[in-house]
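Take a look at the structure below.
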Amino acid sequence: SSTNVEPTLKLESGTTGNQGAQLEFVNSGTDADDNDIVGTIRFKGMNDANEETEYTTIYNRSIDVSNGSEDSEMHFRTIAAGILGTTMLLQSGKVGIGTNDPNGKTHS
C-alpha cells in the first residue's frame with residue numbers, strides 16, 4: 001500500500017464452534033529431512049539508507065522427522081545492532097531466552 005492505511009490480512013471464522021480461524025504452513029514434499037524449515041514469517045521495513053531490512057523473523061524447524069519421535073523448534077529472531085539473531089527458542093518442550101541450546105522448561 002502506498003497510502004497511510006495499513007494493509008490487513010484478516011482470517012475470520014463465523015462459526016459458533018470452539019475452533020477459530022487458522023493459518024497453516026505445510027511442507028508436504030516426499031523428501032522430508034531432519035532440520036527442514038517448515039514455515040517462516042518475516043517482518044521487514046526500510047532503514048534510513050532506504051534498504052529493505054528484516055527486523056523480526058519467526059520460523060519453525062523440524063529437528064527430527066522420524067515417525068513417532070518427531071521433534072521441532074521455533075525461533076523468534078530480532079535485530080540488535082544490525083544483526084538478526086535468535087532471541088527466544090522453543091525446542092522440544094524447552095524454552096531458551098538468549099541461548100540456542102535450552103536445557104530447561106519455564107513455568108508461569
Side-chain angles (χ1 to χ4, degrees):
S1 175
S2 62
T3 67
N4 286 336
V5 178
E6 295 84 12
T8 301
L9 173 63
K10 180 178 181 179
L11 304 175
E12 182 176 343
S13 175
T15 67
T16 58
N18 61 1
Q19 186 78 17
Q22 299 179 29
L23 179 61
E24 192 170 296
F25 297 84
V26 178
N27 185 351
S28 61
T30 58
D31 62 341
D33 290 314
D34 292 350
N35 297 311
D36 282 352
I37 293 180
V38 177
T40 304
I41 301 172
R42 300 179 193 279
F43 300 85
K44 296 181 175 184
M46 303 305 281
N47 66 16
D48 65 1
N50 203 31
E51 300 166 328
E52 185 175 281
T53 302
E54 190 167 333
Y55 288 95
T56 305
T57 306
I58 302 169
Y59 72 91
N60 173 270
R61 180 188 313 270
S62 54
I63 299 171
D64 182 354
V65 298
S66 302
N67 187 27
S69 63
E70 297 90 349
D71 279 315
S72 69
E73 61 187 22
M74 180 168 276
H75 289 250
F76 294 82
R77 302 176 82 200
T78 58
I79 197 167
I83 298 172
L84 189 65
T86 298
T87 305
M88 183 171 71
L89 176 64
L90 308 178
Q91 182 183 73
S92 304
K94 300 174 184 171
V95 177
I97 298 174
T99 179
N100 285 327
D101 189 22
N103 58 14
K105 297 181 180 187
T106 62
H107 300 276
S108 58

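Start at 1 with the first residue, then count along the sequence. FYI, side chains are in, hydrogens and waters are out, and symmetry mates aren't considered; it's all heavy atoms of this structure.
- The minimum heavy-atom distance linking A32 with V65 is given by the pair O-CG2, 3.9 Å.
- Using modelled atom types, one side-chain atom of T99 and one backbone atom of D101 make a donor-acceptor pair closer than 3.5 Å.
- In plain terms, the two heavy atoms of M88 and T86 that are nearest each other are O-CG2, 3.5 Å.
- For N103, the CG atom counts as loosely surrounded, since its 6.0 Å shell holds 12 or fewer non-hydrogen atoms of other residues, nucleotides or ligands.
- Counting heavy atoms from C-beta on, the side chains of N27 and F25 never come closer than 4.5 Å.
- Taking 4.5 Å as the limit, every side-chain heavy atom of E51 sits out of range of all side-chain heavy atoms of M46.
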Decide side chain to side chain contact (heavy atoms under 4.5 Å, CB included) for L89 and H75; before the verdict, give the C-alpha distance in whole Å, the side-chain angles of both, and the deciding distance to 0.1 Å. CA-CA 5 Å; L89 176 64; H75 289 250; 3.4 Å; yes
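- Under a hydrophobic-cluster definition in which Ile, Leu, Val, Met, Phe, Trp and Tyr are linked whenever side-chain heavy atoms come within less than 4.5 Å, directly or via other members, F43 and L23 are assigned to the same cluster.
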Take L90 and F76 through the side chain to side chain contact (heavy atoms under 4.5 Å, CB included) test and state the conclusion after the steps. CA-CA 8 Å; L90 308 178; F76 294 82; 3.9 Å; yes
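- One distance of note links CD1 of I41 with OG1 of T56; it measures 11.0 Å at 0.5 Å rounding.
- Clustering ILVMFWY residues whenever any of their side-chain heavy atoms sit less than 4.5 angstrom apart, transitively, puts I37 in a cluster other than the one holding V26.
- Looking at S62 and D36, their side chains come closer than 4.5 Å, going by heavy atoms from C-beta outward.
- Of all the heavy atoms in G20 and S13, the pair that sits closest is C-CB, 3.9 Å.
- Annotation for T87 and T78: closest pair OG1-OG1, 2.5 Å, computed over non-hydrogen atoms.
- Side-chain atoms of I79 and E54, non-hydrogen and from C-beta on, never get closer than 4.5 Å to each other.
- Atom-to-atom distance recorded for T8:OG1 and L11:CG is 11.5 Å, nearest 0.5 angstrom.
- Cluster membership for I97 and I58, using ILVMFWY side-chain heavy atoms within less than 4.5 angstrom, is shared.
- Note: E73 CD to K94 NZ = 12.0 Å, rounded to the nearest 0.5 Å.
- Although no hydrogens or angles enter the test, the distance criterion places no donor-acceptor pair under 3.5 Å between the side chain of N60 and the main chain of M74.
- Within the 3.5 Å criterion, the main-chain N or O of T57 finds no donor-acceptor partner in the side chain of R77.
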